[in-house]
Colleague: 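Below you'll find the structure I mean.
If you're wondering where the values come from, they're calculated on a predicted model, not measured in any experiment. A note on names: the letters A, B, ... follow the listed sequences, proteins ahead of strands, and every chain is numbered from 1.
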Amino acid sequence: MLDINLIRENPEIARAGMEKRGMDPSPVDEAARLDARWREVLQEADALKEERNRVSKEIGKMKDKAEREAKIAAMREVSDKVKSLDEELKQLEEDLNAVMAIIPNIPSDKVPDGFTEEDNIEVRRWGEHPDPSKTYQPHWDLGPELGILDFERGVRLAGSRFYVLTGLGARLQRALIAFMLDLHQKQGYTEMYGPFVVRGEILYGAGQLPKFKDNLYKDHEEDLYFLPTSEVSLTGMHMGEILEEEQLPIKYTAYSPCFRREKMSAGRDVRGIKRGHQFDKVEMYKYCLPEESDAELDKMIADAEETCKLLGIPYRVILKCAGDTSETARISYDLEAWAAGCQEWLEISSISNVGDFQARRAMIRYRPTQGGSPRPLHTLNGSGLGLPRALIAILENNQQPDGSVVIPEVLRPWMGGVEVIKKE
RNA sequence: GGAGGGAUGGCCGAGUGGACGAAGGCGUCUGUCUUGAAAACAGAUGUGGGUUAAAGCUCACCGUGGGUUCGAAUCCCACUCCCUCCGCCA
């Protein structure tokens with residue numbers, strides 16, 4: 001949610017932001033129009049309420065019966081007018097909120113122009129690629145051969161885009177989760193574990209609703225949705241709160257499964273475990289002062305990179321172009337892991353500075369130490385990392401000529417002495 | 001699932017139709033006093049919106065949403081959450 005004052009005073013900035021993303025900027029004008037009308041009606045209603053409040057107090061003290069009755073009759077009329085104006089206001093507010101909810105965040109100046117992946121910029125690379133002269137099996141062949149991945153049973157249980165990790169496959173994923181959570185704690189994040197379902201208002205605050213309604217799983221009778229990412233619950237954690245400046249920055253890490261209907265990517269990435277309806281993720285999240293969010297973003301990118309480095313996953317850092325940046329973000333960097341089997345770069349982490357966009361929407365503010373009224377703070381989120389794609393990178397890149405897979409050193413404490421996953 | 005009790009400001013807590021944005025206490029801040037601190041005393045101390053150059057004026061907010069009324073923290077309805085007891089259950 002943008003600041004309504006921006007729409008009032010500098011609508012051209014919001015318009016330019018939408019245009020940079022390749023969107024039609026007319027919602028900005030619509031918002032400005034609704035807001036102007038809203039203020040007009042509000043002033044009218046407030047004036048009548050002032051009169052009603054004032055006269056009603058007088059009525060309470062009146063002795064003269066006739067005069068009293070006359071005033072009551074007059075105020076009855078005023079009240080009727082107030083009622084109809086309030087209804088109009090409510091409608092205007094709903095309309096305005098609906099429009100404001102679809103206006104995206106303004107991309108930072110650092111975000112390159114462009115609308116597709118082609119326009120993203122590679123910032124840097126790290127790591128040795130597996131020998132390109134050799135062939136590596138994609139994980140959808142390798143996994144079942146090693147007996148650690150079962151697609152048929154996933155489909156039996158829940159349909160397409162579901163799979164089962166079996167034996168050492170499940171254990172490897174658990175090792176990754178434990179490793180990442182421990183690492184993020186060392187990096188200064190507090191581990192959180194919360195509900196995997198949340199109320200609609202929490203999703204709204206995080207900017208998932210109304211836009212991604214069709215991508216969410218929902219309980220059939222309660223107002224509860226399955227998390228599409230724990231970013232949602234980490235945003236909701238302090239919804240409506242006023243934090244003290246001294247508390248900032250707050251840094252959280254959380255593991256959760258993520259549930260996505262993937263309606264918008266029907267038919268894409270259907271092979272393997274790259275894009276399931278359910279996947280696990282370890283998330284990093286920060287609440288910080290506005291003036292510190294750029295520096296905190298750089299640190300978070302470094303934290304995600306460290307995760308890849310320790311796992312020995314070769315990656316590149318991508319700065320996303322305006323059209324490819326998520327609507328809640330001012331700027332997003334992706335870490336893409338090289339997967340030697342399917343021969344592609346896989347988005348393994350996406351790290352964003354959201355600015356005050358979610359904070360404004362979720363009403364998360366801080367009180368400056370200097371005093372003064374509460375201000376919206378900044379939030380950042382990043383995956384650290386997505387589990388299926390980390391698994392893919394490890395399985396495919398660490399393949400040996402005999403088809404076995406070497407387990408990264410850092411994961412072995414959780415693998416019960418297993419160093420290599422071999423065919424039985 | 002059944003029965004009952006409750007939700008008020010940073011916290012505790014009073015308030016059952018008009019002088020209540022809300023007593024009192026705690027906390028916090030400022031001042032007086034003091035070498036300094038404590039104590040005591042005095043004052044201040046919510047959030048959001050509109051308007052305004054500013055001061056100010058004004059509207060809304062007592063869990064949420066509706067309703068009754070000239071007027072609602074207070075009365076009515078629905079919902080949410082919390083607590084206690086009973087039942088059931090991982």
Colleague: Provide, to the nearest angstrom, the distance between the CZ atom belonging to R37(A) and the P atom belonging to G50(B).
Modeller: 16 Å
Colleague: Using the P atom in both, what is the distance from A23(B) to A44(B), to the nearest Å?
Modeller: 12 Å
Colleague: Would you please test Y287(A) and H238(A) for ring pair (Phe, Tyr, Trp, His ring centres under 6.0 Å) and show each step?
Modeller: CA-CA 9 Å; Y287(A) 296 81; H238(A) 293 289; 4.9 Å; yes
Colleague: The side chain of R199(A) lies closest to which of these nucleotides: C70(B), G49(B), C81(B)?
Modeller: C81(B)
Colleague: In the structure shown, which nucleotide is the Watson-Crick or G-U wobble counterpart of A73(B), with both distances under 3.5 Å?
Modeller: none
Colleague: In whole angstrom, give the distance that lies between atom CG of L85(A) and atom P of C59(B).
Modeller: 15 Å
Colleague: Quote, to the nearest angstrom, the P distance that separates C20(B) from C12(B).
Modeller: 24 Å
Colleague: Taking atom types as they are modelled, is there a donor-acceptor pair under 3.5 Å from the base of G71(B) to the side chain of N53(A)?
Modeller: no
Colleague: In terms of the nearest nucleotide of RNA chain B, which residue is placed more toward the 5' end: M75(A) or E87(A)?
Modeller: E87(A)
Colleague: How about F279(A): does its CZ atom have over 12 heavy atoms from other parts shown lying under 6.0 Å from it?
Modeller: yes
Colleague: Between C1' on A60(B) and CG on L42(A), what's the gap in Å once rounded to a whole number?
Modeller: 9 Å
Colleague: Considering only the C1' atoms, how many Å lie between U74(B) and A19(B), rounded to the nearest integer?
Modeller: 16 Å
Colleague: For G9(B) and A73(B), measure between their P atoms and round to the nearest Å.
Modeller: 15 Å
Colleague: Under 3.5 Å for both donor-acceptor distances, Watson-Crick or wobble: does A38(B) have a partner, and if so which one?
Modeller: none
Colleague: Does E50(A) pair with R54(A) as a salt bridge, N-O distance under 4.0 Å?
Modeller: yes
Colleague: Using the C1' atoms only, state how far G6(B) lies from C62(B), rounded to an integer number of Å.
Modeller: 14 Å
Colleague: Quick one: which of G71(B), G18(B), G66(B) gets closest to the side chain of R68(A)?
Modeller: G18(B)
Colleague: Base, sugar-phosphate, or nothing: which does K71(A) touch, judged by heavy atoms less than 4.0 Å apart?
Modeller: nothing
Colleague: For A22(B), what is the paired nucleotide under Watson-Crick or G-U wobble rules, both distances under 3.5 Å?
Modeller: none
Colleague: Choosing from G49(B), A60(B), U47(B), which nucleotide comes nearest the side chain of K49(A)?
Modeller: A60(B)
Colleague: Is any side-chain nitrogen or oxygen of R54(A) closer than 4.0 Å to OP1 or OP2 of C70(B)?
Modeller: no
Colleague: Take atom C1' in U80(B) and the same atom in U28(B), then report the distance between them in whole Å.
Modeller: 33 Å
Colleague: With no hydrogens and no angle check, do the side chains of K286(A) and T379(A) hold a donor and an acceptor under 3.5 Å apart?
Modeller: no
Colleague: Let's see if you can work this out: which of C59(B), C70(B), A19(B) has an atom nearest to the side-chain heavy atoms of S56(A)?
Modeller: C70(B)
Colleague: Pick the nucleotide of RNA chain B nearest each of P374(A) and E51(A); which residue has the one closer to the 5' end?
Modeller: P374(A)
Colleague: With rounding to whole Å, what would you report as the distance between G24(B) and A72(B) at their C1' atoms?
Modeller: 23 Å
Colleague: Which part of the nucleic acid, if any, lies within reach of R360(A) when heavy atoms closer than 4.0 Å are counted: base, sugar-phosphate only, or nothing?
Modeller: nothing
Colleague: G50(B), OP1 or OP2 - any side-chain N/O from R39(A) closer than 4.0 Å?
Modeller: no
Colleague: Would you kindly give the CG-to-C1' distance between D64(A) and C70(B), to the nearest whole Å?
Modeller: 16 Å
Colleague: Among T325(A), L319(A), D119(A), which residue satisfies the side-chain contact (heavy atoms from CB on, under 4.5 Å) criterion with P112(A)?
Modeller: L319(A)
Colleague: Under 3.5 Å, is there a donor-acceptor pair linking the side chains of N97(A) and E93(A)?
Modeller: no
Colleague: Taking 4.0 Å as the cut-off, does a side-chain nitrogen or oxygen of R375(A) come that near to OP1 or OP2 on U47(B)?
Modeller: no
Colleague: Can you name the one residue among R15(A), R33(A), E19(A), M100(A) that meets side-chain contact (heavy atoms from CB on, under 4.5 Å) with V28(A)?
Modeller: R15(A)
Colleague: Between G18(B), U68(B), G71(B), which one does the side chain of K83(A) approach most closely?
Modeller: U68(B)
Colleague: According to the Watson-Crick and G-U wobble definitions, with both distances under 3.5 Å, which nucleotide is paired to G1(B)?
Modeller: C86(B)
Colleague: Taking the side chain of R52(A) as heavy atoms from C-beta outward, which of G18(B), C59(B), G71(B) is closest to it?
Modeller: G71(B)
Colleague: Under 3.5 Å, is there a donor on one side chain and an acceptor on the other for Y163(A) and D150(A)?
Modeller: no
Colleague: Is R156(A) atom CZ crowded by more than 12 heavy atoms from other residues, nucleotides or ligands, each under 6.0 Å away?
Modeller: no
Colleague: Under a 3.5 Å cut-off for both distances, is C57(B) Watson-Crick or wobble paired, and to whom?
Modeller: G50(B)
Colleague: Under a 3.5 Å limit for both distances, which nucleotide forms a Watson-Crick or G-U wobble pair with G43(B), could you say?
Modeller: C29(B)
Colleague: From the list A19(B), U47(B), G49(B), which nucleotide is the closest neighbour of the side chain of K61(A)?
Modeller: A19(B)
Colleague: Is Q43(A) close enough to U51(B) that one of its side-chain N or O atoms is under 4.0 Å from OP1 or OP2 there?
Modeller: yes
Colleague: Expressed in angstrom and rounded to an integer, what is the separation of W38(A) atom CH2 from G49(B) atom C1'?
Modeller: 5 Å
Colleague: Once you apply a heavy-atom cut-off of 4.0 Å, does I59(A) come out as touching a base, just sugar-phosphate, or nothing?
Modeller: base
Colleague: Counting only side-chain nitrogens and oxygens, does R367(A) get under 4.0 Å of the OP1 or OP2 atom of G10(B)?
Modeller: no
Colleague: Just compare C70(B), C59(B), U47(B) and give me whichever is closest to any side-chain atom of E50(A).
Modeller: C59(B)
Colleague: Measure from the side-chain heavy atoms of D46(A) and tell me the nearest of C59(B), U47(B), G18(B).
Modeller: C59(B)
Colleague: Could you tell me the separation between the CG atom of L92(A) and the P atom of G49(B), rounded to a whole number of Å?
Modeller: 18 Å
Colleague: Measure the distance from CG on D219(A) to P on U80(B) and round it to the nearest whole Å.
Modeller: 13 Å
Colleague: Has S373(A) got a side-chain N or O lying under 4.0 Å from the OP1 or OP2 atom of U47(B)?
Modeller: no
Colleague: Could you state the atom-to-atom distance from CD of E222(A) to P of C79(B) in whole Å?
Modeller: 13 Å
Colleague: Quote, to the nearest angstrom, the P distance that separates G43(B) from U58(B).
Modeller: 24 Å
